[in-house]
Amino acid sequence: AYVGGEVRDPSIIGLDVRTTALRAIMAAGGGLTTGDMRKVVIVRDRGTPEPEILMLDLSKGLETLASAEDLWLQPRDMVFVPRTGISKANQFVREYIRDMLPIQ
């Protein structure tokens, strides 16, 4: 499975019979502070033209190391941790306001 987005070490991880989305994120170094663990996306190849898209809230799993929404991964799954809304806003301010000022 591929783990990407706002994780410390985006990478391909090997799956065993007990690999869940949360465990895969932890194997990729964990989510960054800019990652939104409430909106983790799983893209699953079902062998059809359109992949299956699943959205998970894994934020509680970080506190308890178990989440009711966590699911077992399958071969060729992609796990994506998106950016939080505030990190997008911070990036906008940095790129379009602060970096454009003649005085730093």
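Position 1 is the first residue of the sequence; numbering continues from there. What you see below is based on every heavy atom in this structure, not just the backbone, and it leaves out hydrogens, waters and symmetry mates. Because the structure is predicted, anything quoted here is derived from the model rather than measured.
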Student check: side-chain heavy atoms of [X] and [Y] closer than 4.5 Å:
X	Y	result
M37	I25	yes
D77	E52	no
R76	R44	no
L32	R8	yes
Q74	R46	yes
L71	T20	no

*Under 4.5 Å side-chain linkage, directly or through intermediates, the cluster mates of V41*: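 When side chains under 4.5 Å apart are linked, the cluster holding V41 also contains Y2, I12, V43, I53, M55, M78, F80.
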*asked:* Nearest 0.5 angstrom please: D16 CG to W72 CH2, how far?
replied: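 These two atoms lie 8.5 Å from each other.
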Shortest non-hydrogen contact between [X] and [Y], atoms and distance:
X	Y	answer
A21	L58	CB-CD1, 4.1 Å
S11	A28	OG-CB, 4.4 Å
T84	G35	CG2-O, 3.4 Å
D57	S59	OD1-OG, 2.6 Å
G14	T19	O-OG1, 4.3 Å

_R23 side chain to R18 backbone, donor-acceptor under 3.5 Å_ =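 Yes: the side chain of R23 pairs with the backbone of R18.
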*Between the main-chain N or O of E50 and the side-chain N or O of T48, is there a donor-acceptor pair closer than 3.5 Å?*
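At least one qualifying donor-acceptor pair exists.
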*Between L73 and V79, does a side chain to side chain contact (heavy atoms under 4.5 Å, CB included) hold up when you go through it step by step?*
CA-CA 9 Å; L73 294 179; V79 180; 3.9 Å; yes
*Give a yes or no on whether a salt bridge exists between D36 and R38, defined as a side-chain N under 4.0 angstrom from a carboxylate O.*
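So D36 pairs with R38 through a salt bridge.
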